[in-house]
Amino acid sequence: MTTVNLKCHCGGVTGHATDVTPSSGNRVVCCCCDCQAFAVHTGREGDTLDQFGGTEIFQMSQSQLTIDKGQDKLQSMRLTRKGMLRWYTSCCNTPVGNTMNAKMPFVGVIHSFMDIADRDSVLGPVRAFVQTQYAKGEPDYPQHCAKFPLGITVRIARKLMVWKLQGKHKPSVFFGDDDRPMVKPIIADGIGKS
Ligand SMILES: [Zn+2]
Ligand SMILES: [Zn+2]
């Protein structure tokens with residue numbers, strides 16, 4: 001079990017994620033328009049997106065993540081009114097992660113917030129490259145799939161169920177005891193294609 005250090009680009013927000021192993025979460029690259037639009041919104045698409053517009057995330061339970069410094073610098077936004085809550089830092093606009101709501105136990109932590117020299121050794125290989133129909137150019141990912149391949153969908157669903165049963169949606173750095181986001185999300189209607 002490894003503790004992964006978390007850090008925004010400027011160091012204003014730091015934290016850590018506990019009990020991280022390749023099997024403990026889901027490492028995926030998502031090429032969907034919303035993930036791309038979010039990166040553009042933060043102005044950090046250059047160091048968030050790969051050459052095909054993919055965003056690498058590691059899905060873990062919310063309770064694994066702790067913010068040690070700069071909790072007040074966590075900001076949230078939604079691309080659409082019902083879209084995912086996308087978290088970033090106000091100090092330097094580092095994309096942090098994606099959540100649905102307080103009841104869904106996961107957070108998809110974006111690689112830009114993980115302070116790991118060698119992600120392959122800590123997080124294991126990328127398990128799926130998804131939504132590649134929205135990728136830029138002709139992606140040469142090792143294996144890729146439009147939408148979500150069944151294998152990773154089942155894996156994610158199973159993890160969500162276990163985390164939920166274990167109560168791992170709490171404590172959360174993103175949602176308060178009343179299940180509301182810690183900060184009111186900005187709604188960025190009109191960004192991207194959604
Ligand atoms: Zn920062
Ligand atoms: Zn996406």
Side-chain angles (χ1 to χ4, degrees), residues 4-17 25-60 65-101 104 106-116 123 126-137 139 141 143-149 151-153 155-157 159-160 173-174 182-183 185-186 188 191-194:
V4 166
N5 289 324
L6 306 169
K7 184 162 93 56
C8 66
H9 285 279
C10 78
V13 181
T14 59
H16 61 277
N26 299 306
R27 187 181 177 201
V28 299
V29 169
C30 183
C31 296
C32 83
C33 298
D34 284 0
C35 286
Q36 293 189 44
F38 174 55
V40 170
H41 173 84
T42 61
R44 286 220 171 254
E45 64 268 39
D47 42 43
T48 303
L49 303 178
D50 67 20
Q51 58 179 314
F52 306 117
T55 301
E56 186 191 313
I57 62 169
F58 189 77
Q59 268 189 338
M60 61 179 82
L65 200 151
T66 303
I67 296 295
D68 299 308
K69 186 178 87 176
Q71 169 83 43
D72 59 321
K73 297 185 178 75
L74 275 189
Q75 297 290 317
S76 71
M77 61 94 65
R78 294 183 202 271
L79 290 159
T80 57
R81 237 153 251 289
K82 297 224 161 113
M84 295 186 96
L85 267 176
R86 293 171 185 272
W87 298 85
Y88 60 100
T89 64
S90 61
C91 43
C92 58
N93 278 348
T94 299
V96 168
N98 306 318
T99 59
M100 287 303 291
N101 54 48
M104 291 290 271
F106 78 95
V107 49
V109 180
I110 296 168
H111 70 88
S112 47
F113 191 52
M114 290 188 274
D115 194 13
I116 306 178
L123 306 176
V126 174
R127 287 178 186 273
F129 298 84
V130 302
Q131 307 270 32
T132 56
Q133 72 270 41
Y134 302 113
K136 291 182 189 147
Y141 293 135
Q143 82 285 43
H144 60 87
C145 190
K147 308 200 172 137
F148 273 85
I152 194 72
T153 306
R155 191 183 153 82
I156 289 171
K159 290 244 174 263
L160 289 180
V173 302
F174 305 109
M182 293 289 199
V183 289
I186 298 163
I191 293 184
K193 291 182 194 163
S194 57

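Atoms within a ligand are numbered from 1 in the order they appear, just like the ligands themselves. The first residue of the sequence shown is numbered 1, and numbering continues consecutively from there.
With V96 as the fixed residue, the side chain to side chain contact (heavy atoms under 4.5 Å, CB included) test singles out one of L65, T89, L6: T89. With N98 as reference, I110 is the one residue of I110, V109, D34, V107 to meet the side chain to side chain contact (heavy atoms under 4.5 Å, CB included) rule.
Take E56 and apply the side chain to side chain donor-acceptor pair (under 3.5 Å) test, not counting sequence neighbours, and it matches R27, R119. Remark: D47 engages R44 in a salt bridge (charged side-chain N to carboxylate O under 4.0 Å, His left out) (not counting sequence neighbours).
Tally of protein N, O or S atoms closer to the Zn ion (ligand 1) than 2.8 Å: 4.
Contact check for K69 versus V13: no side-chain heavy atoms found under the 4.5 Å cut-off. In this structure the side chain of H41 reaches within 4.5 angstrom of the side chain of Y88, judged on heavy atoms.
Heavy atoms only, all atoms of each residue included: H9 and S112 are closest at NE2-CB, 4.3 Å.
Aromatic ring pairs are classed by plane angle as parallel below 30°, tilted from 30° to 60° and perpendicular above 60°; the pair F129 and Y141 is parallel.
For the Zn ion (ligand 2), the set of protein N/O/S atoms nearer than 2.8 Å consists of C30 SG, C32 SG, C35 SG, ordered by chain and number.
With rounding to the nearest 0.5 Å, the separation of NZ in K73 from OG in S90 is 6.5 Å.
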